[in-house]
Amino acid sequence: MCGIVGAVGFISPKEYVFKGLKMLDYRGYDSAGIAYFHSGIKIYKDVGSVEHLLEIVPEDISADIMIGHTRWATHGAPTKLNTHPHLSFNQRICLVHNGVIDNYKEIKKFLLDKHYSFYGETDSEVIANLLEYYYLENNDVIETIKKAMSIIKGSYAITFFTDDIKDTLFVLKNASPLVIGLGKGFNLVASDASPMIEQTDEFIELDDLEFGYITKKEVKIFNKNGDEIKKEPIHKDIELISHDLKGYPHYMIKEIEEIPQTVNRIISNYFQKGKYQFDPELIKDLQESDHIIFIACGTSYHAGLVGGRYFEKYDKSASRFIASEWAFHPTYPGQKPFIIMISQSGETADLIHCLKIIKKHNLKNLIITNTGGSTLDRNCMYSLLLHSGVEVSVASTKAYVAQVTLLAMLAASLDKDIKVVDDLRQSLDVVYDIRDHYKPLIMKVGEEIKDKKSLFFLGRSFDYFLSLEASLKLKEISYIHSEAIPGGELKHGPIALIEKGIPVIVFITDPDTASSMRGNIEEVKTRGARVYTIATKSLSRPEDTIVVEDYAYYLSSVAISSIAFYLAYYVALAKGLNVDKPRNLAKSVTVE
Ligand code: M6R
C-alpha cells in the first residue's frame, strides 16, 4: 500500500527518492508523486507508475530536501488531484501521508468554517490544511504538530516540510510505520527501512504518538506532550529486495518455482542434527497453553486453518480467526490461550490492531512472518521468520507454503515427531514433478476456463483448505469469480449454482474423504459441470485430469498448492492481465 520516502541533505535526493519509490512499489500503488524545495515548493505527481513520474519530473533538479509517495487509493479515487504530496490552501505545508484519518470529516468541516477550500477528496489534504491552520496561528512547528496530534484520530505516518524552513523534514506517527535512516551529512525517512538500506544500516523507529524532525545534521524526537526523548538507533541487516527476475517473465512464477528452496530453508533453519531448533521457552509456553488461537488475513489465514489441524493432531485445541473479525469480537477460549499470528509482510494493519488487544490482555503470542524487522516481528513476544526471501508478487505463493511448512514443524516439535520432516522432504518430489511435467497440462486447463464467469473448487479437510487458497489465488489475479466449497456442503445450497459447462475443480488426496468426494463429483457431473480432478495416484481414476505421486496427505498445501498457483498464473497470463500487480490489491495491507 502507500509508501513514503524523504531525504534531507542527501547528495542526490532525486536519485534516492526515485530509487526508494521503486523499492516500495512491491507494496502496490496507483499513483505517485514527489515534492522538493527550490525557490518555493515544487510538486510533481500523477496517476500511474514511478517510471511515468520520472518522465514528467525535470532532469536537473537541485534540492536539499525532497519527499516522495506512492498512493494506494482509500479516501478518494486514484486521480492526479488526490495523489500525494499535498499542498495546503495557503501553500505553506507540503505533506505525504500513509494511513487513514478517522475524523477527517469533522476536521474538514472545522476548516471549511474557517474558509479553507479543498482541491481533492483525501483525508491527507485535510491534515496538510490542519497543520497549516495552526502554523499560521502560532508560527511554531513543534506546537503545531502537538496541537494537530491532539485532534487527529486514526492511523498516520506523515512527513512534511514548510515553505519557510528549507532544511528540515518533520515527521509524526501513529499506528502506521515510519522509520528514520541515519547518515553522515544526510538523514532519511521512509515508511519501512527497505528503501534506505543502500545508504545506512542505522535506523530510528518512531513509536506511536511520537513526532520529530530531521535535518542533514540532526534528528530530534518528541513525545506527544512535546518532551524531547532520546531513542537509541537500531542496526538492521535487511535483505535487499531483489528486482532480479532471474530470467522469469514475472515474480509470481519465479516465486512459485522457489517453493522447494523455501521449504528446504525452513527445514535447515528449524531442524538440525535430528532435532527441532525452536526456542525452548516458546515450546514450553505452547505446551503449557490449553488453547491455540490462530489469527491472520487472506492467504495467511488459510495457512492458519491448516496449522490449526496440525496442533489438534498433537492434542492442542485450536480456533482460527480472520484478524478483522477477531479485532471487533475478541474471544479467548481456554484458561491459558496462546495466540499465533501469521503474516507474510508483518505489517498488516488488521493484525496489528489484534496485537494491541492481545497485549492489553497480556496474552502470550507468536508471529510467523517473512519480514524480519517488520512491526509484528518487532512487537510480538516470539517471532519465527520464514526465511523465504522477499515475495514481490501481490499473490502470495511461496510464503503460504512456507507458513504451512513451519506450522507443521512447530506443531510436531511439541511431540518431538520428526517424521513430519521426512514427509515434507518427500512432498517436494511432487512439487518438482509438477514443475517439470504438468505445466503444459495446467496451462491447457487455464485456456479452457479463462473465459468463464464463475467456477468452483471442491475438497474436504486439508483439500478444502487448499481449495480456499486456490480460489483466492484465481480470483485475485484472473478476476474470475470462484468459490471453494467443502464437498459435503454442496447439497446444502451451492449445488443450486451448478449448471451446464460450469468448471468444478476437485482435489482428492485424502484417503478418508476420497470416496465421498467421488460422490460429489457425480452430483455436479449429473448437473452438467465440467469437472477437473486432481488426485494422488492411489486414489486416482483413469478419467482424472492430473494425477500426482502419493505423499503424506496432510501436506496438500505444500505438495500440490503449486497446481493452483500455476493455474491462476496461466489464466491471468492468457487474459493479458498484470499478474504481479492485480487491480485494487496491495502487497502489504497497511490500512484497516
Ligand atoms: O502480509 P500478510 O500475510 O499479513 O497479508 C495478508 C493478506 O493480505 C494476503 O495474504 C493476501 O490475501 C494475498 N494477496 C494473497 O495472495
Side-chain angles (χ1 to χ4, degrees), residues 1 26-29 72 74 177 191-192 194 241 250-253 255-256 259 262 294-307 320-327 339-355 366-377 379-380 383-386 388-404 406-407 465-479 482 484 557 561-562 564-569 571-572 577-592:
M1 284 192 160
Y26 74 95
R27 295 162 75 111
Y29 67 100
W72 188 84
T74 53
S191 41
D192 67 52
S194 62
I241 291 183
H250 301 97
Y251 287 105
M252 183 175 177
I253 188 149
E255 287 158 7
I256 297 172
I259 287 173
T262 301
F294 290 86
I295 309 180
C297 311
T299 287
S300 299
Y301 169 70
H302 295 158
L305 295 177
V306 182
R320 305 87 168 145
F321 294 96
I322 290 173
S324 54
E325 289 292 307
W326 189 84
I339 317 276
I340 299 185
M341 284 165 284
I342 310 166
S343 173
Q344 188 286 130
S345 63
E347 297 292 356
T348 299
D350 289 324
L351 216 47
I352 293 172
H353 183 168
C354 294
L355 180 61
L366 157 74
I367 177 71
I368 293 179
T369 180
N370 197 28
T371 316
S374 59
T375 303
L376 288 161
D377 173 48
N379 291 295
C380 286
S383 175
L384 290 176
L385 295 180
L386 295 169
S388 303
V390 177
E391 193 180 63
V392 177
S393 178
V394 165
S396 185
T397 55
K398 63 175 177 176
Y400 168 73
V401 177
Q403 290 162 346
V404 172
L406 185 46
L407 285 164
F465 301 145
L466 175 59
S467 298
L468 285 169
E469 178 54 14
S471 169
L472 175 65
K473 211 91 310 169
L474 189 74
K475 60 175 87 112
E476 256 187 314
I477 64 165
S478 77
Y479 315 147
S482 80
S557 290
S561 54
S562 59
F565 299 154
Y566 284 124
L567 181 64
Y569 175 77
V571 173
L577 299 171
N578 188 339
V579 174
D580 286 330
K581 287 186 192 155
R583 72 182 178 204
N584 304 340
L585 295 176
K587 183 68 186 162
S588 191
V589 185
T590 51
V591 291
E592 282 182 45

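Counting starts at 1 for both ligands and their atoms, following the listed order.
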Report, in ascending order of atom number, the atoms of ligand 1 lying under 4.0 Å from any heavy atom of [X].
X: T348; value: 1 (O), 2 (P), 4 (O), 5 (O)
X: S343; value: 1 (O), 2 (P), 3 (O), 4 (O)
X: S300; value: 2 (P), 3 (O), 10 (O)
X: V589; value: 8 (O)
X: A395; value: 16 (O)

In terms of its nearest heavy atom to atom 14 (N) of ligand 1, the top option of E476, Q344, Q403 is E476
Given P582, S345, A296, S374, which one has a non-hydrogen atom that is nearest to atom 1 (O) of ligand 1?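 That would be S345.
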If you have a sec, work out which protein heavy atom is nearest atom 7 (C) of ligand 1 and how many Å separate them, to one decimal?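 The protein heavy atom lying closest is C297 O, 3.7 Å.
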How far is atom 9 (C) of ligand 1 from its nearest protein heavy atom, and which residue and atom is that? T299 N, 4.0 Å
Any I253 side-chain heavy atom under 4.5 Å of F565 side chain: no
Contact check, side chains of S396 and E391, non-hydrogen atoms, under 4.5 Å: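 Of all side-chain heavy-atom pairs linking E391 with S396, at least one is under 4.5 Å.
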Determine whether a donor-acceptor pair (N or O, by modelled atom type, separation under 3.5 Å) exists between the side chain of [X] and the backbone of [Y].
X: D350; Y: A323; answer: no
X: S388; Y: T262; answer: no
X: T371; Y: Q344; answer: yes

Is there a heavy atom in K473 that sits closer than 4.0 Å to ligand 1?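 Under 4.0 Å: yes for K473.
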Looking at ligand 1, is there an atom of it that comes within less than 4.0 Å of some heavy atom belonging to L351?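 Heavy atoms of L351 never come under 4.0 Å of ligand 1.
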Take L376 and T369 through the test side-chain contact (heavy atoms from CB on, under 4.5 Å) and record every step on the way to the result. CA-CA 8 Å; L376 288 161; T369 180; 5.7 Å; no
Excluding sequence neighbours, so at least two apart, what forms ring pair (Phe, Tyr, Trp, His ring centres under 6.0 Å) with Y301?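 Scan of Y301 (ring pair (Phe, Tyr, Trp, His ring centres under 6.0 Å), adjacent residues dropped) gives none.
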What I want to know is whether I342 and ligand 1 share at least one N or O pair that is separated by under 3.5 angstrom. no
Apply salt bridge (Lys or Arg N to Asp or Glu O under 4.0 Å) to K473 and list each qualifying residue two or more places apart in sequence or on a separate chain. E469, E476
